[in-house]
Amino acid sequence: MSDPDSHNNIRKKRDMADTYDFQEIEQKWQARWETGTYYQAESSSSKPKYYALIEFPYPSSEGLHVGHPRSYVGMDIVARKRRMEGYNVLFPIGWDAFGLPAENYAIKTGIHPRVITRQNIANFRRQLKMLGLSFDWSREVDTTDPNYYKWTQWIFLRLFKRGLAYKAEIPINWCTSCKVGLANEEVVGGVCERCGAPVVRKAKKQWMLAITKYAERLLEDLREVDYLEKIKTQQTNWIGKSYGAELRFEVPAVNRTLSVFTTRPDTIFGATYMVLSPEHPLIEEAIGKVENPDEIRAYQKLAASKSELERTDLAKDKTGVELKGVPAINPATGETIPIWISDYVLISYGTGAIMAVPAHDTRDYEFARKFNLKIVEVISGGDIEKEAYTELDGVMVNSGFLNGMLAKDAISKAIDWFEREGKGERTVNYKLRDWVFSRQRYWGEPIPLVECEKCGWVPIPEEELPVLLPEVESFIPSSEGESLLATLSDWVDTMCPVCGGKAKKETDTMPQWAGSSWYFHRYADPHNDKAFASRANLDYWMPVDWYNGGMEHTTLHLLYSRFWHKFLFDEGLVSTPEPYIKRTSHGMILGADGEKMSKSRGNVVNPDEIVGRFGADTFRVYEMFMGAFDLAAPWSTEGVVGVSRFLNRAWSVMAKVDGNAVPTQEQTRAIHRTIMRVGERIETMKFNTAVSELMTFTSDLLSYDKVPMEMFRTLCILLSPFAPHVTAEMWERTVGEGRVLLEEPWPSFDPELAKAQTVTMAVQINGKLSETISIDWGMTQDDVLKIVHDLPKVKRAIDGKSVKKVIHVPNKIVNLVVK
RNA sequence: GCCUGGGUGGCGGAACUGGUAGACGCAAGGGACUUAAAAUCCCUCGAUCCUCGUGGUCGUACGGGUUCGAUUCCCGUCUCAGGCACCA
C-alpha cells in the first residue's frame, strides 16, 4: 500500500509468469480474423457444405444479454469443429430488427425507429465481435433493410396469388394501449405481451395466412427431421390433430342445423344440451326469436371484454346464458335440448359449438351442475353423482343401438349411423389456426396490396417492390386503431395497377414473424437483387444442417418458417420440403438468484463487464461449462474464476513443451481418449463435460516435467473451438512455422488406443460394494474370479455359505450372490 | 386443468444402453511459498455412528415395486420451471 509503484511492478512480473494478457491477445487475433477471410463461406467449393444456424437476435436497446451467447458459442464450437473437419461452413448472423420496442420508443421520443435500430445493431455487432464468434459477417442481413423486406413482400404476394392470404373479420385481441391487434400468441397473462396493458376482443378485418392448409404436411414431415423429441412433441401438440365427427343438430326455431365437432360421438345419447361460443353466428339469427335478447347481448359484451386466457381459465366458475325459446333436437334421442352460450367454448376451435355430455366430460359436468341441467349416464363404470366419467373402457347404456358395446367401439358405430342418416360424418380436426398476419403498426413491412373500388384487393406489381415505409415526423398511431400509415393520405391514395382507377394502399404492416420466416434462405445469397436468393445458392446451402435456438421459439417461429419453406417448395423455388435437418434447443441463463434475468429484478449480467474482467475466452468457456446446455442454469460470476484459472493453466503448459519429448504409451492413450471424448461431447452438445475433460487433460499435462509437442498440439486444437484467441496465441508461439491453428485438421483417434489399459473393477457381495480391484482391460470372468476368491473380505463373506450366482460385467463389476 | 422438462453435497453440476453416486469447477478448511498480502502449488471436503478403521449405517424430492444390483425402469405422490388454445 505504501509504495504503489513497486507493488505494481511486482504484480506485473507475477502476471507475466502466471497469467496471460487476454486483452492484448484477443485484440491481436480479432484484428487478424477481421481482415482475413477465415470465416467466410465459399460460394463454390470442392468441400462438403455445412450450414450451422442460430436464431438471429432482435437488437434491443439493452444490448446483448449473457443469455444470447449461449446458443451462439455452442454453435460457434460446432462450426469451428466442422471447418477443421474440412467442411465449407456457413455460419451467418443478422438482425430481426422490426419490432414494437423501437416503435414505442419512437412514439415517446420522436426519434425514427430506423435510427435507434441502427444504433442497437451497431452495439450488438460490437458485442458479438468482442466474443470472437466465427460468423460470416459478409452475409449479415437486416429485416428492416428495404433490400431485404422487398423479398418479404415478394413472398407475401405469392402467398396472396395462391389464395393463401385472405382478409377475414374475426374477433382479435385488441391492446387498449398500443391500439393494435395482437395474435393470440402475443397475449401473455391476459395483457399485452409488450406493453402490459389489458387486452380486449374486437372485431377487425385482418389479413390471414392459411397455414391450416399445411397442417397435415407440417405434422407428417416431422417424421423426416432430426429434431429433439420434445420439440417434435411441441409441434405435434400445437398442430393438434384429432379424429372425430362433425354432427348436425336441428334447430327448428331458426330452421337450420347446428354443426358440432366431437371426438366422442359415442356419447350422443347423453348430449342433454348444446353450448355455443358467444361469437357464434347462429346467435344473430336467433336473437329475434329468443325470449331473453338483452341478457344474451350483455353476456356477449362481457365475454368480449375478457382475454382468451381469462375465458379459458379452468379454475374460474363457468358462466353462461340460455338461448330461451330456441332449442335444438338431439338427432339420436329426438329429444328437445336447450342451447346455451358460454365463453368456455371458443369460436376458433372446431365449429365454435359443442354438444354437451355432462356425464362424460368434466367441463360439461361442471356447467350442468352449476345451471341444473340434465345429466344422463350413457357409459357405465363411473359414479356420475360425484364426477364425470371420461374413460373409454366402460359399457354403453341408455344408448339405443349402442347399448352393450364398449365406448371405444361405439365411436365408430355412432359415426356410421350418422353417416347413414345424413346427419354427420367422420372428420379430422386440427387445433392449429390460421395465422393473423396484420399489424396496425408503422415499424413493419408494408403489405404490398391496394384496394381498388372496382377490382377489389390487387397486388402491387413485383417490379414496384419494395413498398417503402414512408418518411414521417411523428409516430403516434391513428386513434381509430389503424396504423400511422392510415393518416398519410398522400401515401394511401394511389392508382389501381389493374384498371388505373382510384385505389388505397393497405395500411396494415406485417408481424415480426414475417422477416424471420425466411431469413435463413437469404443468408445463402444475401446481396441478390434479382431474387430472394438464387436457385443455385439455395440448392447448394439448403437445407440448414443444424439449427439451434430457444425452446420459446420451437412452436411458433419454427412452425411459421417451416410453413413458408413448404410454400416456397410448392412454388418450385427450393428443392427440399423441410428447411432444417436438425433442431436443438438451449436452456435459459438465469440470474445469480435463480430467477429469470430482467431489469426489474436487477439481476442482469452484462457481457461487456465479464469480458472486460476475464476476457472473451473465459466468458465463452464459462458459458459452456456452467451447466447442461439444454437446461436452464444460474449465472455465477464466482464460477467464472474457475474457468479463468483453467485457461491460465492451459497457457502455462506452454512453458513445459519439449519438442524432443516423445509421448509415452500412457500419454498416447490420454491423447486418443481426450480426442474421442471431446469430439463426442461437442456433437451431443454436452459442452460442460467437454470442458471438464479438457481441464483434466490440462492437469495431466502440467503433472509432467516435459510435455511432448503432440500433446500440446492436441490441447490447442481441442480447446480452440471453445477458446479461439488464447489457443491461437499458444499455437503461434510454440508450434509456429507458418502453421495457423484455424487451418489445422481436427484430429482423429484410434478407439483401441482410447481404451484404458487397466481398469478398476467393483467387487460386490449380494449387490453391495465390498471393495475395488485393479485388473487388466478385458480380463475374463474366470481370471477375475481367481483374484476375487483370494480377497480376504470375500473369503470372510462366503465362509460357510455358498455362492449361488456370479454376475460379471466385463471391466465394470463382479457380483457374488451368497447364501 | 393440460403439455413439456426438472428435483443429486454448502453451491453449479457429473454418472455410457440398469453396474463403484458425487467427475469437473466454485466456496470452505489446513499447509507450502512470501516481511505481508495477492497470485500460484499441495492436501481435506455427502451425512452420521463408533471401537477412528483397509470400519458400520444412511444417502440422488417422497412412498411403493421390479432386479443379484435402481440417480437410471414401472406405479403413485409432492414440488419447481417453462409453455398453453377448457382440444369438446
Side-chain angles (χ1 to χ4, degrees), chain A residues 1 7 10-11 14-15 17-19 184-185 188 229-231 233-234 236-238 240-242 244 260-264 267 275 308-309 311-316 318 342-346 348-351 353-357 360-364 366-367 429-433 550-552 554-555 587-588 590 594-596 622 625-628 630-636 638-643 645-646 648-649 652 680 686 688-689 691-696 699 702 760-772 792-793 804-807 809 811-818:
Chain A
M1 273 312 203
H7 174 91
I10 291 166
R11 203 194 149 97
R14 296 285 182 184
D15 282 354
D18 298 327
T19 65
N184 294 321
E185 299 79 35
V188 173
E229 217 36 62
K230 62 180 170 184
I231 297 173
T233 306
Q234 207 163 330
T236 304
N237 290 347
W238 191 267
K241 183 177 187 176
S242 63
V260 300
F261 174 76
T262 177
T263 55
R264 295 296 304 275
T267 61
V275 187
E308 197 150 303
L309 201 105
R311 286 179 51 168
T312 57
D313 186 354
L314 200 88
K316 80 170 173 52
K318 295 269 184 291
S342 172
D343 57 14
Y344 80 94
V345 173
L346 302 177
S348 49
Y349 184 76
T351 63
I354 61 160
M355 64 178 211
V357 185
H360 305 288
D361 181 282
T362 314
R363 291 149 303 165
D364 298 345
E366 263 179 60
F367 192 83
N429 197 41
Y430 299 91
K431 282 195 290 184
L432 183 68
R433 304 173 197 169
M551 259 331 257
E552 68 272 24
T554 53
T555 45
M588 221 188 289
L590 308 170
E595 304 271 336
K596 201 168 172 170
Y622 177 67
F625 184 64
M626 63 192 294
D630 60 334
L631 298 177
W635 182 270
S636 156
E638 284 172 349
V640 178
V641 172
V643 169
R645 284 185 197 140
F646 159 57
N648 280 309
R649 281 161 63 81
S652 64
E680 277 172 6
K686 290 175 181 278
N688 53 338
T689 56
V691 172
S692 63
E693 200 61 43
L694 288 164
M695 286 175 168
T696 306
S699 295
L702 285 174
T760 308
M761 176 172 266
V763 180
Q764 297 182 341
I765 306 291
N766 293 333
K768 288 189 77 173
L769 183 70
S770 167
E771 62 189 295
T772 58
K793 273 175 120 181
K804 294 277 183 204
K805 197 173 169 188
V806 174
I807 289 122
V809 180
N811 305 316
K812 290 224 170 115
I813 62 142
V814 58
N815 183 18
L816 305 182
V817 183
V818 177

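Proteins get letters first, then strands, A, B, ... in listed order; numbering begins at 1 in each. Source: prediction; values computed, not measured.
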Choose from B/rC86, B/rC24, B/rA14 the nucleotide whose nearest atom is closest to any side-chain atom of A/Thr689. B/rA14

Minimum heavy-atom distance between A/Leu694 and A/Phe646, given as atom pair plus value: O-CE1, 3.7 Å

Distance between the P atoms of B/rG7 and B/rG56, in whole angstroms? 30 Å

Round to a whole Å and report the spacing from CG of A/Asp361 to P of B/rC2. 13 Å

Taking every non-hydrogen atom, the tightest pair across A/Ser699 and A/Arg649: OG-NH2, 2.7 Å

Dot-bracket encoding per residue of RNA chain B, Watson-Crick/G-U cut-off under 3.5 Å, | denoting interstrand: (((((((..(((......[....))).(((((.......))))).(((((..).))))..(((((..]....))))))))))))....

Smallest separation among heavy atoms of A/Ser652 and A/Leu702, with atom names: OG-CD2, 3.7 Å

Which value, rounded to the nearest 0.5 Å, describes the distance between A/Ile231 atom CD1 and A/Thr555 atom OG1? 10.5 Å

Could you tell me whether the side chain of A/Ile354 reaches within less than 4.5 Å of the side chain of A/Tyr349, counting heavy atoms only? no

What is the separation between atom NZ on A/Lys768 and atom C1' on B/rU57, rounded to the nearest whole Å? 8 Å

Give A/Pro634 one of three labels, base, sugar-phosphate or nothing, depending on what nucleic acid heavy atoms sit under 4.0 Å from its own. sugar-phosphate

Starting from the 5' end of RNA chain B, give me the residue, A/Thr696 or A/Met626, whose nearest nucleotide shows up first. A/Met626

Rounded distance in Å - CG (A/Asn648) to P (B/rU40): 8 Å

From the options A/Leu816, A/Val817, A/Val814, select the one residue that forms a side chain to side chain contact (heavy atoms under 4.5 Å, CB included) with A/Ile807. A/Val817

Can you sort out the partners of A/Asp361 under salt bridge (charged side-chain N to carboxylate O under 4.0 Å, His left out), two or more places apart, ordered by chain and number? A/Arg363

Contacts of A/Phe625 meeting ring-ring contact (aromatic ring centres under 6.0 Å, His included) (sequence neighbours excluded), chain-then-number -> none

Considering every strand and a 4.0 Å limit on heavy-atom distances, what is the contact class for A/Leu816: base, sugar-phosphate, or nothing? nothing

C1' spacing across the pair B/rU67 / B/rA14, given as an integer number of angstrom: 25 Å

Between OG1 on residue A/Thr262 and CE on residue A/Met355, distance to nearest 0.5 Å: 4.0 Å

Any chance you could lay out the side-chain contact (heavy atoms from CB on, under 4.5 Å) test for A/Arg264 and A/Val357, step after step, and finish with the verdict? CA-CA 9 Å; A/Arg264 295 296 304 275; A/Val357 185; over 6 Å; no

Between the protein and nucleotides 41-46 of chain B, which nitrogen or oxygen pairs are less than 3.5 angstrom apart?
unit_1, atom_1, unit_2, atom_2, d
B/rC41, OP1, A/Arg649, NH1, 2.7

Within the structure shown, what part of the strands sits under 4.0 Å from A/Asp364 by heavy-atom distance: base, sugar-phosphate, or nothing? nothing

Roughly how many Å apart are B/rG22 and B/rU40, using the C1' atom of each and rounding to a whole number? 27 Å

A/Arg363 CZ to B/rA88 P: how many Å, rounded? 7 Å

Calculate the interatomic distance between A/Glu638 atom CD and B/rG25 atom P; express it in whole Å. 16 Å

Closest to the A/Ala628 side chain, choosing from B/rC86, B/rU57, B/rA14: B/rA14

When you compare B/rG59 with B/rU72, how far apart are their P atoms, in angstrom units rounded to a whole number? 13 Å

Check every strand shown and say whether A/Leu694 touches a base, only sugar-phosphate, or nothing at a heavy-atom separation below 4.0 Å. nothing

Of the nucleotides B/rA88, B/rC68, B/rG12, which one has an atom closest to the side chain of A/Val817? B/rC68

C1' gap between B/rG46 and B/rG13, integer Å: 15 Å

So what does A/Thr263 hit on the nucleic acid, given a heavy-atom distance under 4.0 Å: a base, only sugar-phosphate, or nothing? sugar-phosphate

Residue A/Lys230, side-chain heavy atoms: nucleotide from B/rU4, B/rA14, B/rG13 that is nearest: B/rU4

Counting any heavy atom closer than 4.0 Å, what does A/Tyr430 reach on the DNA or RNA strands: base, sugar-phosphate only, or nothing? nothing

From the options B/rG13, B/rC24, B/rC86, select the nucleotide whose nearest atom is closest to the side chain of A/Ala633. B/rG13

A/Lys805 side chain, from C-beta outward: closest of B/rC68, B/rC84, B/rU4: B/rC68

Those residues at least two apart in sequence (or on a different chain) that pass salt bridge (charged side-chain N to carboxylate O under 4.0 Å, His left out) with A/Lys230 are none

Ignoring hydrogens, what is the shortest heavy-atom contact between A/Ile765 and A/Ser770? Give both atom names and the distance. CG1-CB, 3.9 Å

Can you see if the side chain of A/Lys686 gets near the phosphate of B/rA23 - specifically, an N or O under 4.0 Å from OP1 or OP2? no

Torsion-based syn/anti label for B/rG18, 90° from 0 as limit: anti

Write down the distance between CD (A/Glu680) and P (B/rA23), rounded to a whole number of angstrom. 21 Å

On a whole-Å scale, what distance lies between the C1' atoms belonging to B/rA38 and B/rC52? 38 Å

In whole Å, measure the gap between the P atoms of B/rU57 and B/rC80 for me. 36 Å

Return the nearest nucleotide to the side chain of A/Tyr349; candidates are B/rC58, B/rA88, B/rA14. B/rA88

Taking only the side-chain heavy atoms of A/Asn688 (C-beta and beyond), determine which of B/rC86, B/rA88, B/rA14 contains the nearest atom. B/rA14

Mind checking the C1' distance from B/rC73 to B/rC26? Whole angstroms is fine. 34 Å

Base, sugar-phosphate, or nothing for A/Lys793, non-hydrogen atoms under 4.0 angstrom? nothing

Shortest non-hydrogen contact from A/Ala632 to A/Leu590? CB-CD1, 4.1 Å

Of all the choices, B/rC86, B/rG25, B/rA88, which nucleotide is nearest to the side chain of A/Phe261 once you look at every atom? B/rA88

What is the distance, rounded to the nearest whole Å, between atom CG of A/Leu346 and atom C1' of B/rC2? 14 Å

Measure CG/A/Leu631 against C1'/B/rU8 and give the value in whole Å, please. 13 Å

Take A/Ser692 and A/Gly240, find for each the nucleotide of RNA chain B with the closest heavy atom, and name the residue whose nucleotide sits nearer the 5' end. A/Ser692

Donor-acceptor contact present, side-chain A/Asn429 to main-chain A/Ser242, <3.5 Å: no

Quick one: which protein N/O atoms are closer than 3.5 Å to N/O atoms of nucleotides 16-20 of chain B? Pair and distance per line, please.
unit_1, atom_1, unit_2, atom_2, d
B/rC16, N3, A/Lys812, NZ, 2.9
B/rC16, N4, A/Lys812, NZ, 3.1
B/rG19, N2, A/Gln764, OE1, 3.1
B/rU20, O4, A/Thr760, O, 2.8

Minimum heavy-atom distance A/Met761-A/Val809, with the two atoms named: CE-O, 3.8 Å

